[in-house]
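In what follows, every chain begins at residue 1, and chains take the letters A, B, ... in the order their sequences are listed.
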Amino acid sequence: MDSYDFKDLESKWQTQWDTSGLASCDINSSKTNFYNLCMYPYPSGDLHMGHIRNYTIGDVITRYKQKKGFNVMSPMGWDSFGLPAENAAIKTGIHPKKFTEERIANMKEQIKRLGSLYDWDREVAAHDKDYYKWTQFLFIKLFENDLAYKEDAPVNWCTSCKTVLANEQVIEGCCERCDADVEQKNLNQWFFKISEYSEELLKGLDEIGDWPSNVKAMQENWIGKSQGAEFSLNILDTELKFSVFTTRLDTLYGMTFAVLAPEHIVIDKILDISPNSDEIKEYIRNSKLKSEFERMSISKKKTGIDTGLFVSNPINGEKLPLWVADYVLVNYGTGAIMAVPGHDERDYEFAKVYNLKILQVIIDENHSINIDDKPFTDRGILINSGEYNNLKSHEESSVEILKHLTMNGIGEKKTTFRLRDWLISRQRYWGCPIPVINCSKCGLVAESLDRLPVLLPEIDDYKNSKDSPLAKSKDFVNTSCPNCGTESKRETDTMDTFVDSSWYFLRFLDSNNINLPFDKEIINDWLPINQYIGGVEHAILHLLYSRFFVKALRDIGMLDVSEPFHNLFSQGMINFGGTKMSKSKGNVVDPESYFATHGADALRLYILFMAPPSDGVEWNDGGIEGTKRFLNKVWDNFEKLSLLEIKNQHEEDLEIIRKINQSIYSITKHLDKFEFNTAVSDLMKINIELTNFLGNSTAISQETKEYITFNICTLLYPFAPHISSEIYYLNTNQNIADFTWPEFDEANLTNPTFELVVQINGKKKHTIIIDTGTTKEEAEKICEIEFQIEKKNYKKIIFVEDKIINFIG
RNA sequence: GCCCGGGUGGCGGAAUUGGUAGACGCGACGGACUUAAAAUCCGUUAUUCGAAAGGAUGUGGGGGUUCGAGUCCCCCCCCGGGCACCA
């Protein structure tokens with residue numbers, strides 16, 4: 001039996017918070033702003049434990065910061081464009097809009113049932129025309145500022161979703177969404193120039209607030225800065241030349257051949273003159289048949305084809321063969337390399353396959369290393385390198401050789417990045433239409449702003465085949481050029497849904513603005529977001545794209561901040577049966593049933609208590625029983641407390657007052673450090689103290705009673721807001737939400753006594769309870785009296801006040 | 001291979017940052033209440049020797065620093081996550 005009726009009580013308080021507008025944020029308040037944001041969800045229809053964890057953490061922060069006197073902004077909305085609704089439409093014929101909005105309604109109910117505070121007046125949904133109108137507006141701004149462009153490029157094509165994907169959405173050669181193979185296709189597609197911001201995106205990571213180190217590391221890896229040099233190679237007996245990029249200029253004397261990627265543009269010209277043209281064509285055809293994953297897999301034996309042509313090594317004029325091989329990637333560096341098999345594992349492997357010359361130009365200090373079995377990639381000194389012999393490898397010699405190349409106009413210092421431009425076109429229906437018109441006279445023209453939004457057309461069949469589904473609507477496709485009025489055709493692709501989520505946090509701040517996506521002053525006032533909370537799965541995609549978006553909008557002049565998210569917190573995943581919960585595995589634990597059986601407060605407490613919030617954790621059904629029991633005990637304790645007689649003096653109450661004071665100190669500290677599991681444990685401890693106090697008391701002073709009630713209810717409030725509100729109201733007729741967070745009394749943190757540990761030669765021998773602040777001399781005396789430890793028998797005595805005494809002998 | 005995290009009872013996890021390892025919770029065992037069960041309450045619960053008092057061992061393994069190490073330093077092993085033919 002439960003001590004209290006959590007169902008009625010929770011719904012009562014949720015209504016109270018709703019009607020009193022506890023979550024609504026007045027952006028003009030005189031208090032200090034605190035923008036606390038949980039990542040808005042894709043409306044899958046059902047809340048899962050990951051959402052619960054995310055939104056519980058977010059709400060703890062919201063309520064805590066409100067009590068700390070901040071003007072807290074905590075909005076919520078929907079990442080509501082995307083494939084599931086469209087796939088459902090293909091299957092069942094239900095319109096994606098209807099499908100999506102039903103799920104939003106359902107999910108919103110569940111979120112409310114958790115009791116989290118959200119300013120629903122600011123709610124946005126990516127699929128809403130009043131939202132995507134502004135997504136299109138921002139696209140046009142990027143287009144006008146040369147940050148969006150359309151280009152023919154080799155792109156990733158998911159064979160199952162039948163759409164192109166961004167590099168970030170390809171995991172080990174497969175589609176991150178459906179796991180199907182991803183092919184390379186040459187298509188004309190829209191890109192955002194994120195690569196223009198590579199350096200700034202990298203640097204920003206050092207200037208940003210508190211982010212998990214792994215997320216920073218993942219972004220660093222993804223941006224992949226690499227510093228080196230670029231120089232050109234002439235193809236002998238021709239006018240042709242091409243550039244290569246290297247980070248190991250120090251190994252230039254060890255270059256024994258050069259390699260072009262099969263897609264390298266110079267190959268077209270080589271085909272006219274190479275004695276092996278047919279073989280090269282055949283090789284290129286074959287490597288195009290391979291999937292990206294196949295080509296990239298390291299285990300595969302390297303292949304290539306000799307062009308029969310030669311290049312000359314710019315440092316010594318040596319004549320070296322030119323090969324084509326698909327272990328060289330066209331879209332990294334220059335798509336061509338100088339091959340140094342003696343000091344590069346990949347080149348070594350390739351040289352072994354085709355019996356190419358391997359030359360050692362670096363040796364270790366002891367001159368003992370040779371390259372008979374494997375290349376030498378470590379540091380050492382140069383040999384066989386002309387005037388550079390005996391220089392240190394890597395930096396020193398690279399600098400010297402670079403000087404030579406630069407002076408002779410052959411090469412220059414160069415930094416490359418792994419990050420490539422963001423491919424945003426999707427050949428799908430349920431997304432934001434790209435607001436561009438293809439005019440036969442004017443070329444690609446942005447839709448005029450007064451004709452926005454470009455509405456998604458109604459179509460009968462959502463399947464995409466060769467073209468995007470939008471191409472099926474003649475009314476949609478055929479339009480006039482906003483420039484010259486000529487009959488023209490619209491773009492039929494929609495945008496990657498990550499475009500929608502790259503700016504939703506801006507719209508929240510000004511969601512009802514009908515003239516602009518947002519007001520610049522409001523954004524400057526509220527950004528960066530003080531605390532952003534979400535899953536680590538967005539470490540690269542969403543977080544990198546959003547950072548880019550804010551920087552781009554800054555350069556366009558729409559806002560004045562450089563980073564959207566100051567502090568980031570990534571909560572760990574909740575697993576069940578050893579793996580990630582998922583419908584396909586049938587191991588989903590449904591949060592909704594716990595609302596009915598245990599209540600929102602118990603679920604919130606358990607999800608916080610089960611592990612440090614950044615750790616992954618296994619769902620355990622028994623655990624939630626524990627937090628439920630705890631809440632029942634708190635309830636019972638306050639019933640007992642209310643029955644105590646009131647007396648005047650309160651000397652007996654000093655201990656419980658001190659314990660509560662210690663809890664204020666400890667819980668505040670844990671909250672500031674996101675240590676919610678230990679904060680909940682502190683709440684359990686103080687309740688045990690209260691139980692003990694009540695067991696020994698028949699009467700209490702009014703003052704103590706109020707102190708206990710106010711502080712325990714306040715400390716509990718961010719974690720279990722319903723029950724704490726109810727208890728406080730029953731005892732005082734007041735709303736706990738109206739009061740500020742308690743300050744602890746610095747002077748009343750230490751206990752009057754403590755347990756002294758008595759060690760002999762570092763081993764614990766006794767413990768004894770003595771007064772706090774006991775001096776070394778007094779402690780020695782106590783040890784002599786109590787344990788017959790005589791000071792004179794020991795060489796040295798270590799004493800740490802209020803902790804330990806150690807006799808060394 | 002490279003980059004981030006981690007490794008503490010049967011389980012989830014604590015440990016004031018160098019000072020009693022195992023808080024808090026789950027589970028288990030014993031007891032009370034009950035005709036009985038559930039719920040609740042009380043107790044025990046790192047391992048090991050011992051009837052007990054008490055002793056020994058113990059934070060992945062091995063070394064080191066220190067009066068004292070889960071915590072600091074060096075070497076190694078294992079697990080989770082990310083990236084990976086990036087020149």
What integer number of Å spans the C1' atoms of B:rU71 and B:rG18? 7 Å
Separation of the C1' atoms in B:rU34 and B:rC41, to the nearest angstrom: 13 Å
Suppose you measure atom P in B:rA28 against the same atom in B:rA38; what distance do you get, rounded to whole Å? 11 Å
Is the phosphate of B:rC24, meaning OP1 or OP2, less than 4.0 Å from a side-chain N or O of A:K685? no
If you measure from the C1' atom in B:rG9 to the same atom in B:rC29, how many Å do you get, rounded? 16 Å
May I ask you to evaluate whether A:R629 reaches the phosphate of B:rG27, defined as a side-chain N or O under 4.0 Å from OP1 or OP2? yes
Quiz item: A:K216 side-chain donor-acceptor pair to B:rC4 base, under 3.5 Å: no
OP1 or OP2 of B:rG5 versus the side-chain N and O atoms of A:S213: is any pair under 4.0 Å? yes
Phosphate OP1/OP2 of B:rA84: any A:R418 side-chain N/O under 4.0 Å: yes
Residue-phosphate contact under 4.0 Å: A:S666 side-chain N/O, B:rU16 OP1/OP2: no
For nucleotides B:rG60 and B:rA56, find the distance between their P atoms and express it as a whole number of Å. 22 Å
Side-chain N or O of A:K803 less than 4.0 angstrom from OP1 or OP2 on B:rC67? no
Distance between P atoms of B:rA53 and B:rG62 (Å, rounded): 31 Å
Is it true that A:F609 and A:F630 have ring centroids separated by less than 6.0 Å? no
C1' atoms of B:rG22 and B:rU8, separation to the nearest Å: 8 Å
Considering only the C1' atoms, how many Å lie between B:rG63 and B:rG82, rounded to the nearest integer? 32 Å
Within the structure, does a side-chain N or O atom of A:N677 lie under 4.0 Å from either OP1 or OP2 of B:rA14? yes
Whether the side chain of A:N221 and the base of B:rC83 hold a donor-acceptor pair under 3.5 Å is what I'd like checked. no
